[in-house]
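Just so it is clear: chains get the letters A, B, ... in the order the sequence lines come, proteins before strands, and each one is counted from 1.
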Amino acid sequence: MQEKKALKEEKLKQEEKYMWAIVDGVKEKVGNFRVEPPGLFRGRGEHPKMGKLKKRIHPRDIIINIGEDAPVPECPIPGERWKEIRHDNTVTWLCYWSDPINPKLFKYVFLAASSSLKGQSDKEKYEKARLLKDYIENIRAAYTKDFTSKDITKQQIAVATYLIDKLALRAGNEKDDDEADTVGCCTLKVENVTREAPNKLQFNFLGKDSIKYENTVEVELPVYNAILKFQKDKGPSDDLFDKLDTNKLNTHLKELMPGLTAKVFRTYNASFTLDDKLAKDTKDGDVAEKMVVYNHANKEVAIICNHQRSVSKSHSAQMTKLNEKIDELQAVLKELKVDLDRARKGKPPTKSSDGKSKRNLAPEALEKKISQTNAKVEKMRRDMMTKEDLKTIALGTSKLNYLDPRITVAWCKRHEVPIEKIFNKSLIAKFAWAMDVDPDFRF
DNA sequence: CCAGAGACTTGGAAAAATCTTG
DNA sequence: CAAGATTTTTCCAAGTCTCTGG
């Protein structure tokens, strides 16, 4: 126990010198500063490079970015040296090296999420999403008009934008053959969308991280007809939007709003939904009740964004266990009721199942016990429902990446919910820039 | 335009830390 | 206080999007 703690402190001390960077005179936390150890590459889904050997990274692979007059960090491996030292103040990375699996890609060391640099860009991201509020009406009107455009490129842009707006789909960049075969909006294949007359579309594809997206939605008739047209005379594996790629789409979006790209819709959709749900569903009540409302809104966002997780290995065992516990409590309840009846008649309580005799309790005391046990059973039932309900839904991703923290902070202030109930320590650090928001803030 | 290089955000799984409970 | 459950952190893969040079 003691040794463990000492060991941990020793490790921390060793790493301390790698944990901070001075940026414009301010000491900022560094993100992950370790190179990845050699091993076998584990891609996700059907990755062509699965199991490939990932070779060791050496100092000679690493390019360092540091201030002109700052001392260059000492190379930790004797006899070796860094690949290159750069002084580029137009980028935020502290160093990078080539990805050993795909040399066209790079691995970077950046500042931590809690740094002011990341915080500032996070805030800008949400401000951009908020700006979309002012444009969304026109954007929707514009693409609705183009659902029937005779210019097929325009028509495809309109339908794609609609799907990104309505379903929070990702943009869908082109992928190489040496990557897992997944799609986003612009890369949807004919086979990923099935029409269900008269006006439903059934989506079925593998998205980012090869997570399955399955959703059937009712759409406007012109959209349905446009999809019909885009699918006509094509094979199942042909591109649905053959006149489109993310570049064309984003170029078009930028004409509608400065800085607008496809991913902004996801942020907008997520944050707008949270703000809206919280405003509509928050009632008077204690902190626990308000947290139920928050988590419910959070869940809705996670479903919109299709943030999934695999069911934990022990899930069904845990459910069984909880059920057994409830059964036990039910038995206890039954016995308490019998004893209550007897107590009211002045009789002594029954013997407990193991044969021991119980204390002689007043009816009032038994009543209290019964209501306590009832409450316990109710709580367990609720916990079980929530657990089952959330077994495949990941709430964390949206909290970390899509929900404007100012919505949460302001809501907490308005409803006297301590922020620590919603954000853990690292989220509070990451969202430091949002903590002093006005309680009246709305997304 | 267009492809490729580059830089940054987003993502789920697994490991580690912490909390709960019998 | 240990086992189990839950939460947090770490890990690193996989996206998005910009920029640049031809």
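Note on A:Lys313: nothing from the nucleic acid sits closer than 4.0 angstrom, heavy atoms only. Within the nucleic acid shown, A:Arg44 comes within 4.0 Å of at least one base atom, counting heavy atoms only. A:Lys387 comes within contact range of the sugar-phosphate backbone alone, with a heavy-atom separation under 4.0 Å but no base atom that close. Base contact: A:Phe110 has a heavy atom under 4.0 Å from a base atom. If you check every strand for non-hydrogen atoms under 4.0 Å, A:Ser314 touches nothing. Across all strands, A:Lys425 comes closer than 4.0 Å to no nucleic acid atom at all (heavy-atom distances). If you check every strand for non-hydrogen atoms under 4.0 Å, A:Gly172 touches sugar and phosphate atoms only. Heavy atoms of A:Lys325 sit under 4.0 angstrom from primed sugar atoms or phosphate atoms, though from no base atom. Within 4.0 Å (heavy atoms only), A:Ala180 reaches no atom of the nucleic acid at all. A:Lys263 comes within contact range of the sugar-phosphate backbone alone, with a heavy-atom separation under 4.0 Å but no base atom that close. Backbone-only engagement by A:Asn32 is indicated by non-hydrogen atom pairs under 4.0 Å involving sugar-phosphate atoms exclusively. Using a 4.0 Å heavy-atom distance criterion, A:Ile101 is classed as making no nucleic acid contact. Among the protein residues, A:Gln318 comes within range of the sugar-phosphate backbone only, with heavy atoms under 4.0 Å from sugar or phosphate atoms but none that close to a base.
Taking atom NZ of A:Lys212 as the reference point, atom P of B:dG12 lies 16 Å away to the nearest angstrom. Straight-line distance from the NZ atom of A:Lys321 to the P atom of C:dG4: 6 Å, rounded to whole Å. Remark: C1' of B:dC8 and OH of A:Tyr108 are 8 Å apart, rounded to the nearest angstrom. Counting to the nearest Å, the C1' atom of B:dG12 and the CG atom of A:Asp209 are 6 Å from each other. Nucleotide C:dG15 holds its C1' atom 14 Å from the CD1 atom of A:Ile164, rounded to whole Å. As a whole-Å value, the separation of A:Arg42 CZ from B:dA13 C1' is 9 Å. Rounded to a whole Å, the CG atom of A:Asp383 is 10 Å from the P atom of B:dT21.
Between the A:Asp61 side chain and the A:His58 main chain, a donor and an acceptor come within less than 3.5 Å of each other. For A:Asn65 (side chain) and A:Thr92 (main-chain N/O), no donor-acceptor pair under 3.5 Å exists by modelled atom type.
The aromatic rings of A:Trp93 and A:Tyr96 sit perpendicular to each other, their planes meeting at more than 60°, with 30° as the lower class boundary.
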